[in-house]
Amino acid sequence: MPLFEVRALTHFFGGLRAVSDFNLTFDGGELTGLIGPNGAGKTTVFNLVCGVYHPTHGEVRIDGRSLGRLYPHQVTAMGIARTFQNIRLWPEMTVLDNIRVCHNYKLGYGFLDTIFQTSRYHTAEKGIGRRAREVLEIMGLRDHAEELAKNLPYGLQRKVEIARALILRPKLLLLDEPSAGMNLGEKEALIGLIRWIRKEFNLTIWLIEHEMRVVMNLCERIQVLDFGQTIAEGTPEEIQGNPRVVEAYLGKEVG
Amino acid sequence: MLVWFCRMKQYSLTLSAFLFFVLVVGLSWAGTLSSYIQLVLMFVGVNIMMSSSLNLVNGYMGEFSCGHAGFMAVGAYAASLVTVWCFTAESVFGPNLLPPAWAVVLFPFILLFGGVIAALAGLLVAIPSFRTRGDYLAIITLAVNYIVKSAIENIQPIGGARGFMGMARVVNGMKEVADIPWMMIWTWAFVFLTVLLIKRFVSSTYGKGIIAIREDEIAAEIMGVNTRRAKMVAFMLSSGLAGLAGGLFAHILGYINPGSFGIMKSTEALVMVYLGGMGSLSGSVLSAVLFTLLLEILRPLQLYKWVVVPFILILLMLFRTEGLLGHRELTDVFPILKRIFGSREEVHAAF
């Protein structure tokens with residue numbers, strides 16, 4: 001049984017077919033890229049997988065269980081975490097709280113425990129605090145735990161987003177353009193970081209990326225989307241030489 | 001010695017609150033405070049409950065509810081109907097169900113019942129409001145405020161627009177058991193309960209979920225927060241606490257009419273929240289105190305009061321948009337308070 005499976009995923013926005021017949025299978029441990037020109041439907045695919053939209057046709061399965069029409073937080077609880085194309089931290093909260101809040105997927109106590117501060121509440125909160133600090137420590141963010149997220153430099157905010165996804169203990173991590181807005185040095189560091197967390201947390205990673213240097217460097221397999229259709233699939237070398245991909249990005253040669 | 005001091009530090013806020021409580025109740029009992037001052041003090045308490053509970057939705061969750069008085073009315077009527085039914089003889093419900101003296105024990109539970117009914121009313125509003133945000137929720141809550149007010153105005157058995165009375169006799173029944181300032185005691189006891197509840201809720205991982213909703217709802221939902229449930233819980237807690245405040249308000253005055261739970265009352269609650277700072281619990285408490293006292297101090301101005309107070313608000317919004325405290329707490333603005341009233345987490349961290 002594959003870890004993660006997307007079958008014949010199709011989605012319409014009104015009359016527009018944003019994604020059509022998208023297929024994918026992960027057995028676990030892959031690092032796969034999803035590329036394509038602007039507006040190709042890459043982020044829509046991620047949103048469909050996360051439960052933000054429910055697909056018109058097709059199915060997404062994780063561990064053999066269909067995601068059906070689950071809400072995003074339920075999908076998250078099943079082991080899919082993601083980061084966002086435009087950073088979506090909670091700016092007025094501290095970095096530590098940004099991480100802690102993500103633990104709502106598995107809280108271990110209820111409303112009444114909160115207001116009566118039962119021992120169950122204290123045990124759970126202590127555990128959550130410890131895990132949040134662990135993740136911050138691993139990501140090298142310990143010194144920024146008490147800072148407001150909005151006050152961090154861009155590169156660190158990206159790191160906090162990844163940390164936030166990691167505390168969800170995902171099986172599959174979706175990264176939506178992780179290198180967007182980074183300079184050359186930061187991109188190099190990011191490549192190292194992604195490789196490292198993949199090994200450290202034994203993750204399957206699926207990423208959308210515009211920066212070819214990052215994709216070709218990192219990914220073992222790449223899928224190319226254009227106008228919602230998968231136009232190519234293969235290793236980085238195969239993709240680079242594929243005439244349809246070149247055409248999608250640069251246009252057809254005239255004459 | 002140091003360890004002992006640090007351990008005591010976490011109780012200093014509780015201790016100060018308790019001292020304040022003893023002082024207010026004691027002075028009222030001794031007759032040092034005139035009944036007018038006592039009334040103002042109790043209204044300060046009710047307003048603290050109103051502003052801090054509304055802050056939960058408008059400040060912490062970042063929604064815009066502007067019908068808070070509607071839930072106050074639900075709680076006020078629910079609690080009053082039960083107390084009058086149970087403890088007074090010549091009411092619309094006929095003879096008293098229980099001996100009036102029992103009110104001493106049962107009163108807080110009846111207040112809580114009023115709060116629960118108000119929370120259920122909040123749930124009724126929250127469910128259809130899931131799909132809306134911002135302006136739309138504002139309109140829905142505004143409509144609910146009007147619906148509650150008009151509904152009560154048209155239910156004749158409970159007095160309709162004339163209002164409902166008899167709560168004074170309930171309080172007198174308690175006074176016959178022991179002649180102490182009962183309403184002062186209950187008001188401030190519930191004020192502390194309210195503040196404690198909200199404090200505990202918003203500092204838990206559970207409650208911080210609603211702050212995440214304010215900051216970015218889509219991110220909150222995708223990062224594992226059950227946003228529907230969180231909104232529902234916050235809304236119910238907020239309206240339930242408003243209901244508690246309503247029950248107290250009804251028994252302090254001894255008489256209520258639907259007119260006192262109109263849009264004006266909701267606006268007052270909104271003003272206190274924005275005055276104190278959205279998402280600041282100590283700000284809400286502070287602004288409720290200031291606002292209530294200000295209205296009383298300006299009472300000699302009569303009608304001009306309603307020129308002066310809005311004018312102060314305009315100035316505040318122009319020069320301090322984020323309210324007196326902004327998102328911060330008093331302890332952030334005056335760090336010295338932090339040293340005196342250290343938080344429990346810090347004390348735990350210190351060991």
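A, B, ... follow the sequence lines: proteins, then strands. Residue 1 opens every chain.
- Rounding to the nearest 0.5 angstrom, the gap separating the CD atom in B:Glu221 from the CG atom in A:Asn104 is 11.0 Å.
- The 12-atom threshold is exceeded at CG of B:Leu124, counting heavy atoms of other residues, nucleotides or ligands nearer than 6.0 Å.
- Neither the backbone nor the side chain of B:Ala230 comes within contact range of chain A, judged by heavy atoms closer than 4.5 Å.
- Environment of CZ in A:Arg198: crowded, with over 12 heavy atoms of neighbouring residues, nucleotides or ligands closer than 6.0 Å.
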Using residues 47-56 of chain B as the side-chain source, report each donor-acceptor pair under 3.5 Å to any protein atom, sequence neighbours left out, with the distance given to one decimal.
from	atom 1	to	atom 2	distance (Å)
B:Asn47	ND2	B:Thr292	OG1	3.0
B:Ser51	OG	B:Asn47	O	3.2
B:Ser51	OG	B:Ile48	O	3.3
B:Ser51	OG	B:Ser284	O	3.1
B:Ser52	OG	B:Ile48	O	2.6
B:Ser53	OG	B:Met49	O	2.8
B:Ser53	OG	B:Met50	O	3.1
B:Ser53	OG	B:His68	NE2	2.9
B:Asn55	OD1	B:Gly279	N	2.9
B:Asn55	ND2	B:Ser280	O	3.1
B:Asn55	ND2	B:Ser284	OG	2.7

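- When heavy atoms are compared at a cutoff of 4.5 Å, A:Ile115 approaches chain B by way of both its backbone and its side chain.
- Atom CZ in A:Arg100 sits 8.0 Å away from atom OG in B:Ser204 (nearest 0.5 Å).
- There is no contact between B:Leu196 and chain A, counting heavy-atom distances below 4.5 Å.
- The number of heavy atoms from other shown groups lying within 6.0 Å of CZ (B:Phe109) does not exceed 12.
- Within residues 156-175 of chain A, the residues having any heavy atom closer than 4.5 Å to a heavy atom of chain B are A:Arg164, A:Ala165, A:Leu168, listed by residue number.
- A:His11 is linked by a ring-ring contact (aromatic ring centres under 6.0 Å, His included) to A:Phe13, A:Tyr53, counting only residues two or more places apart in sequence or in another chain.
- Within residues 63-86 of chain A, the residues having any heavy atom under 4.5 Å from a heavy atom of chain B are, by residue number, A:Tyr71, A:Pro72, A:His73, A:Thr76, A:Arg82, A:Phe84.
- The side-chain heavy atoms of A:Trp90 and B:Met223, taken from C-beta on, include a pair separated by under 4.5 Å.
- Only the side chain of B:Val233 comes within contact range of chain A, judged by heavy atoms closer than 4.5 Å.
- Around CZ of A:Phe116, the count of heavy atoms belonging to other residues, nucleotides or ligands within 6.0 Å does not exceed 12.
- Using a 4.5 Å cut-off on side-chain heavy atoms (C-beta onward), B:Ile211 and A:Met93 make contact.
- The environment of A:Arg133 atom CZ is sparse: at most 12 non-hydrogen atoms of other residues, nucleotides or ligands sit within 6.0 angstrom.
- Summarising the geometry of B:Ala212 relative to A:Val101, their closest heavy-atom pair is CB-CG1, 3.8 Å, with the distance given to 0.1 Å.
- One distance of note links OH of B:Tyr206 with CG of A:Leu107; it measures 7.5 Å at 0.5 Å rounding.
- For the pair A:Tyr121 and B:Arg200, the tightest heavy-atom approach, listed with the atom from each and the gap, is OH-O, 4.4 Å.
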**OP:** Go through the steps for B:Thr205 and A:Glu125 under the test side chain to side chain donor-acceptor pair (under 3.5 Å), then give the verdict.
**Re:** CA-CA 7 Å; B:Thr205 301; A:Glu125 284 284 322; 2.9 Å; yes
**OP:** For side chain to side chain contact (heavy atoms under 4.5 Å, CB included), just list the numbers for B:Leu237 and A:Phe111, CA-CA rounded to whole Å, side-chain angles, deciding distance to a tenth of an Å, and then say yes or no.
**Re:** CA-CA 10 Å; B:Leu237 183 60; A:Phe111 175 71; 3.8 Å; yes
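- Panel note: side chain A:Glu92, backbone B:Glu215; no donor-acceptor pair is recorded below 3.5 Å.
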